[in-house]
Amino acid sequence: MAALSGVRWLTRALVAAPKPGAWRGLCTSAVAHSVSRNQAEDMRVEGAFPVTMVPGDGVGPELMHAVKEVFKAGCVPVEFQEHYLSEVQNMASEEKLDQVLSSMKENKVALIGKIHTPMEYKGELASYDMRLRRKLDLFANVVHVKSLPGYKTRHNNLDLVIIREQTEGEYSSLEHESARGVIECLKIVTRTKSQRIAKFAFDYATKKGRDKVTAVHKANIMKLGDGLFLQCCEEVAELYPKIKFETMIIDNCCMQLVQNPYQFDVLVMPNLYGNIIDNLAAGLVGGAGVVPGESYSAEYAVFEMGARHPFAQAVGRNIANPTAMLLSASNMLRHLNLEYHSNMIADAVKKVIKVGKVRTRDMGGYSTTTDFIKSVIGHLHPYGG
């Protein structure tokens with residue numbers, strides 16, 4: 001699949017960008033080198049990778065500020081093109097959605113915050129967030145749930161991946177009132193999309209050297225819908241004899257994740273189950289603030305938080321945890337073949353957490369978002385030379 005092939009679509013940026021070694025020699029860290037600020041900024045713009053940024057709602061803008069501060073300190077060759085799309089801040093319209101789509105289609109890569117979906121029905125069933133994902137065909141959501149060294153939780157040393165189909169299922173936005181007081185909400189399951197997400201999961205497992213894929217379903221009740229999804233997973237599994245394949249009913253999966261999450265490796269599932277399991281699994285390793293996520297189509301890659309929450313109650317209080325967004329940004333850099341900068345940022349974040357002196361409130365500490373950002377910047381250092 002294109003998303004897993006390692007092929008990068010930013011031809012213009014790849015042609016213009018200096019080789020990684022050049023960046024290492026000239027602009028590795030604000031602390032490690034004495035390159036003048038103007039010179040560094042000029043170099044950064046000259047060969048920068050264009051990336052679409054959508055801050056979203058809640059603490060999204062604050063988290064994006066954290067990313068920009070760390071990228072600036074690390075002289076990361078990325079140029080963000082910011083677009084604002086929000087249903088709760090009166091910044092959502094067809095024109096704004098088209099602007100975001102146009103930017104994403106040109107850049108192929110985006111970093112986005114949570115675009116909050118109001119519960120009130122205002123004549124449109126599909127939220128802007130859902131419409132954005134559908135128009136880009138971001139069918140595969142990938143959440144890598146991994147324990148952070150130095151931060152103890154009930155289960156430590158966890159390392160599992162949740163792959164979720166996110167363009168159909170219960171999120172098809174097909175609802176109507178068939179009779180007074182009777183609402184029908186349609187769940188759509190297709191062979192084409194079920195096969196596609198199953199193949200994505202097995203390709204991912206193959207590429208990442210993982211041993212097992214578990215298909216999560218409720219085919220005992222939804223015999224036709226989930227039955228088709230399960231059948232497609234079983235058919236695709238036969239093409240990958242070296243990878244162990246198991247199936248598990250969604251309710252049992254929730255219990256097993258809490259009791260013994262170590263039995264899982266890669267899990268693949270339909271839309272709603274994936275949304276629930278993403279959040280459950282994030283809670284096992286520290287919560288939504290520490291788990292990164294990403295979504296793929298055949299052409300585009302979007303990087304975001306693994307458990308999508310706006311954290312509206314934390315807005316403006318300088319207490320949001322930037323870990324998940326910084327790790328997502330690091331994964332984005334790896335996708336852009338900027339391995340050096342990706343490792344530099346991820347290692348700095350993990351060192352701050354491992355040392356344990358600077359932790360936000362959700363991790364049991366008293367540090368502010370600003371404290372965390374400063375500490376991460378202080379841990380940036382050059383690789384190689």
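Nothing here was measured: the structure is a model prediction, and the numbers come from that model.
- A continuous path of Ile, Leu, Val, Met, Phe, Trp and Tyr side chains, each step under 4.5 Å between heavy atoms, connects Phe245 with Leu228, placing both in one hydrophobic cluster.
- Proximity of a side-chain donor or acceptor of Thr247 to a complementary backbone N or O of Ala215 within less than 3.5 Å is not detected.
- A donor-acceptor pair under 3.5 Å links the side-chain atoms of Glu165 to the main chain of Glu168, judged by distance alone.
- Side-chain atoms of Glu294 never come within 3.5 Å of backbone atoms of Met332 as a donor-acceptor pair (strictly under, hydrogens ignored).
- The closest donor-acceptor contact from the side chain of Lys199 to the backbone of Ser194 lies at 3.5 Å or more, if one exists at all.
- Taking 4.0 Å as the cut-off between side-chain N and carboxylate O, Arg210 and Asp265 count as a salt-bridged pair.
- When ring centroids are compared, Phe303 and His335 come within the 6.0 Å threshold.
- Of the possible donor and acceptor atoms, one in the side chain of Thr52 sits under 3.5 Å from a partner among the backbone N and O of Ser103.
- The backbone N or O of Asp98 lies less than 3.5 Å from no partner atom in the side chain of Ser102, so there is not a single donor-acceptor pair.
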Verdict with reasoning, Arg133 to Ser297, per side-chain hydrogen bond (donor to acceptor under 3.5 Å, both in side chains): CA-CA 9 Å; Arg133 294 175 192 277; Ser297 73; over 6 Å; no
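- Formation of a donor-acceptor pair under 3.5 Å by the Lys223 side chain with backbone atoms of Asn220 is found in this model.
- Side-chain contact annotation: Tyr151 with Asn156, donor-acceptor N/O pair under 3.5 Å absent.
- Just one of Asn318, Asn321, Asp371 meets the side-chain contact (heavy atoms from CB on, under 4.5 Å) condition when paired with Thr360; it is Asn321.
- Judged by distance alone, the side chain of Glu82 and the main-chain N or O of Pro55 form no donor-acceptor pair under 3.5 Å.
- The side-chain heavy atoms of Ser330 and Val349, taken from C-beta on, include no pair separated by under 4.5 Å.
- For the residue pair Lys187 and Ser172, no side-chain donor N or O sits within less than 3.5 Å of a side-chain acceptor on the partner.
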Stepwise side-chain hydrogen bond (donor to acceptor under 3.5 Å, both in side chains) test for Asp159 and Tyr262: CA-CA 8 Å; Asp159 185 358; Tyr262 302 100; over 6 Å; no
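- Using modelled atom types, no side-chain atom of Asn260 and backbone atom of Leu257 make a donor-acceptor pair closer than 3.5 Å.
- A distance below 6.0 Å separates the ring centres of Phe200 and Phe139.
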Side chain to side chain contact (heavy atoms under 4.5 Å, CB included) between Val315 and Asp57, worked out: CA-CA 9 Å; Val315 173; Asp57 294 308; over 6 Å; no
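- Of the possible donor and acceptor atoms, none in the side chain of Asn141 sits under 3.5 Å from a partner among the backbone N and O of Arg164.
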